[in-house]
**Student:** 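Quick one: the structure is below, and I'll ask about it shortly.
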Amino acid sequence: MEERIIPKHIAIIMDGNGRWAKKRGLPRTAGHKQGAENIRKIAIACNDLGVKALTCYAFSTENWKRPESEVDYLCKLPRLFFNSYLAELKKNNIRVTFLGEIERFPKETQKVITTVVSETKNNTGLNLCFAINYGGRREILLAAKQYAKDVMNGENTLDIDEEEFGQYMMTKDMPEIDLMIRTSGEVRISNFLLWQLAYSELIFSPVAWPDFSKEYLLEAIDEFTHRNRRFGGL
Ligand code: IPE
Ligand code: IPE
Ligand code: MG
């Protein structure tokens with residue numbers, strides 16, 4: 001078999017936790033717990049493969065609409081996740097970062113996030129990035145507002161290109177997304193990385209996120225390897 005092309009940056013819409021749990025007669029939160037455990041596995045697999053960045057959609061700006069008990073659990077999940085796995089992530093030289101407006105989360109959660117980011121900031125392996133309270137449209141709006149302010153203050157001009165505008169996005173320090181995977185059979189973007197996905201390869205897997213194992217990841221990378229990326233050229 002020809003050699004795998006390892007994407008530099010993979011983004012995942014980790015969907016299907018609730019349905020995974022329902023199928024087993026468990027509460028939806030049990031699906032989120034199992035889903036979190038799976039992030040750890042997939043992050044370590046990506047790190048071993050030499051992927052540079054893995055961005056995981058964990059909570060959208062629309063997910064606040066869910067019942068309060070589920071939102072409460074999802075707000076607590078970062079703390080539970082890093083209590084269990086931070087040591088292992090560190091041992092694997094993984095750097096953790098976040099996208100989204102974390103100010104809306106409880107103080108406790110924000111504290112965990114700040115600690116984790118600072119404790120892993122010098123790691124040189126995979127950048128494991130969590131998108132929480134993140135929405136693509138919101139990100140573009142915030143970027144446009146900041147750009148407008150900079151122009152008004154004379155700190156920027158109207159004469160910028162796409163790359164320079166990209167510096168206003170939350171992903172400014174990250175490589176382009178080569179591959180976006182959505183699990184659980186839904187074929188939509190759901191407000192994820194609207195700007196960044198312009199030329200990403202998209203793969204939609206029927207497997208629920210908690211069951212999306214390293215084998216499925218490798219299958220997706222194999223499919224990516226066979227895609228012919230043209231970027232509008234020939
Ligand atoms: C994805 O799983 C995780 C989050 C959106 C937080 P869901 O909770 O959307 O699971 P389904 O889609 O209802 O099965
Ligand atoms: C997208 O999944 C958001 C995350 C995985 C965090 P949703 O389950 O919220 O998306 P929709 O509602 O099916 O579009
Ligand atoms: Mg869903």
**Student:** Quick one: are E70 and H32 in side-chain contact, heavy atoms under 4.5 Å?
**Tutor:** yes

**Student:** To the nearest 0.5 Å, tell me how far C75 SG sits from E108 CD.
**Tutor:** 12.0 Å

**Student:** Between N63 and S60 (side chain of the first, backbone of the second, donor and acceptor by atom type, cut-off under 3.5 Å), is there such a pair?
**Tutor:** yes

**Student:** Does this structure show an ion pair linking D173 with K121, if we count only N-O contacts that are shorter than 4.0 Å?
**Tutor:** no

**Student:** How would you list, by chain and number, every residue that makes a salt bridge (charged side-chain N to carboxylate O under 4.0 Å, His left out) with R230, sequence neighbours excluded?
**Tutor:** none

**Student:** Looking at E162, I want to see if its CD is surrounded by more than 12 non-hydrogen atoms of other residues, nucleotides or ligands under 6.0 Å.
**Tutor:** no

**Student:** Distance-only, no hydrogens or angles: does the Y57 side chain make a donor-acceptor pair with backbone N or O of Y134 under 3.5 Å?
**Tutor:** yes

**Student:** For L126, is there any backbone N or O sitting under 3.5 Å from a side-chain donor or acceptor partner on N47?
**Tutor:** yes

**Student:** Mind listing the closest non-hydrogen atom pair of A220 and L179 along with its distance?
**Tutor:** O-CD2, 4.4 Å

**Student:** From Y168 OH over to E139 CD, what is the distance, rounded to the nearest 0.5 angstrom?
**Tutor:** 14.0 Å

**Student:** Hey, is the main chain of M174 close enough, under 3.5 Å, to the side chain of T171 for a donor-acceptor pair?
**Tutor:** no

**Student:** Give a yes or no answer on whether the side chain of D178 reaches the backbone of K8 with a donor-acceptor pair at less than 3.5 Å.
**Tutor:** yes

**Student:** Does this structure show an ion pair linking R227 with E223, if we count only N-O contacts that are shorter than 4.0 Å?
**Tutor:** yes

**Student:** Under the 6.0 Å and 45° cation-pi test, does R104 pair with W64?
**Tutor:** yes

**Student:** Looking just at side-chain N and O atoms, do Q146 and Q167 make a donor-acceptor pair shorter than 3.5 Å?
**Tutor:** no

**Student:** So how far is it from R40 CZ to F81 CZ, rounded to the nearest 0.5 Å?
**Tutor:** 8.5 Å

**Student:** Just wondering, more than 12 heavy atoms not from E119 lying within 6.0 Å of its CD?
**Tutor:** yes

**Student:** Show the nearest heavy-atom pair for residues T120 and L86, with the distance to one decimal.
**Tutor:** CG2-CD1, 4.0 Å

**Student:** What are the two closest heavy atoms between A143 and M169, and how far apart are they?
**Tutor:** CB-SD, 3.7 Å

**Student:** Assess the side chains of Y85 and E37: does a donor N or O sit below 3.5 Å from an acceptor N or O?
**Tutor:** yes

**Student:** If you count the non-hydrogen atoms of other residues, nucleotides and ligands that lie under 6.0 Å from CD in E68, is the total more than 12?
**Tutor:** no

**Student:** Any idea which heavy atoms bring R28 and A21 closest together, and the distance?
**Tutor:** CA-CB, 4.0 Å

**Student:** Give me the atom names and distance for the closest heavy-atom approach of A30 to L26.
**Tutor:** CB-CB, 3.9 Å

**Student:** Looking at N127, L217, I10, which one forms a side chain to side chain contact (heavy atoms under 4.5 Å, CB included) with L54?
**Tutor:** I10

**Student:** With a 4.5 Å cut-off on side-chain heavy atoms, are T157 and V151 touching?
**Tutor:** no

**Student:** Would you check if the side chain of N123 reaches a backbone N or O of I94 as a donor-acceptor pair within less than 3.5 Å?
**Tutor:** yes

**Student:** Could you tell me whether F59 and F105 have their ring centroids closer than 6.0 angstrom?
**Tutor:** yes

**Student:** Quick one: does R182's side chain get under 4.5 Å of S190's, heavy atoms only?
**Tutor:** yes

**Student:** Can you check whether W209's main-chain N or O pairs, donor with acceptor, with N38's side chain at less than 3.5 Å?
**Tutor:** yes

**Student:** Is there a salt bridge (charged side-chain N to carboxylate O under 4.0 Å, His left out) between E62 and K65? Walk through the geometry before answering.
**Tutor:** CA-CA 6 Å; E62 289 73 37; K65 291 184 209 158; over 6 Å; no

**Student:** Test your reading of the model: is there a side-chain donor-acceptor pair from R24 to the backbone of W20, 3.5 Å cut-off?
**Tutor:** yes

**Student:** Distance-only, no hydrogens or angles: does the S200 side chain make a donor-acceptor pair with backbone N or O of I177 under 3.5 Å?
**Tutor:** yes

**Student:** Check whether more than 12 heavy atoms from other residues, nucleotides or ligands sit under 6.0 Å from atom OH of Y73, and answer yes or no.
**Tutor:** yes

**Student:** Does the pair E101/R138 count as a salt bridge with the N-to-O cut at 4.0 Å?
**Tutor:** yes

**Student:** Using the rule that Ile, Leu, Val, Met, Phe, Trp and Tyr join whenever any side-chain heavy atoms are under 4.5 Å apart, tell me whether M170 and I113 fall into a single cluster.
**Tutor:** no

**Student:** Evaluate the side-chain proximity of R95 to T97: yes if any heavy-atom separation is below 4.5 Å, no if none is.
**Tutor:** yes

**Student:** With the side chain counted from C-beta on, respond yes when R79 and T109 share a heavy-atom pair under 4.5 Å apart, and no when they do not.
**Tutor:** no

**Student:** Considering only heavy atoms from C-beta outward, does the side chain of F130 approach that of L99 to under 4.5 Å?
**Tutor:** no

**Student:** Should we count CG of N153 as having more than 12 external heavy atoms under 6.0 Å?
**Tutor:** yes

**Student:** Under 3.5 Å, is there a donor-acceptor pair linking the side chains of T61 and N133?
**Tutor:** no

**Student:** Is there a side-chain contact between T55 and I12 (heavy atoms, below 4.5 Å)?
**Tutor:** no

**Student:** Begin from the C-alpha positions of I13 and T183 and carry the test side chain to side chain contact (heavy atoms under 4.5 Å, CB included) through to its verdict.
**Tutor:** CA-CA 7 Å; I13 302 178; T183 59; over 6 Å; no

**Student:** Could you go through R19 and E186, starting from their C-alpha distance and side-chain angles, then the distance that decides it, and tell me whether this counts as salt bridge (charged side-chain N to carboxylate O under 4.0 Å, His left out)?
**Tutor:** CA-CA 12 Å; R19 280 165 283 169; E186 307 305 342; 2.8 Å; yes

**Student:** Any side-chain heavy atom of N156 sitting closer than 4.5 Å to one from K149?
**Tutor:** no

**Student:** Under the 3.5 angstrom rule, does the side chain of T225 hit a backbone N or O of I5 as a donor-acceptor pair?
**Tutor:** yes

**Student:** Minimum heavy-atom separation for Y147 and L158, please, with both atom names.
**Tutor:** OH-CA, 3.3 Å

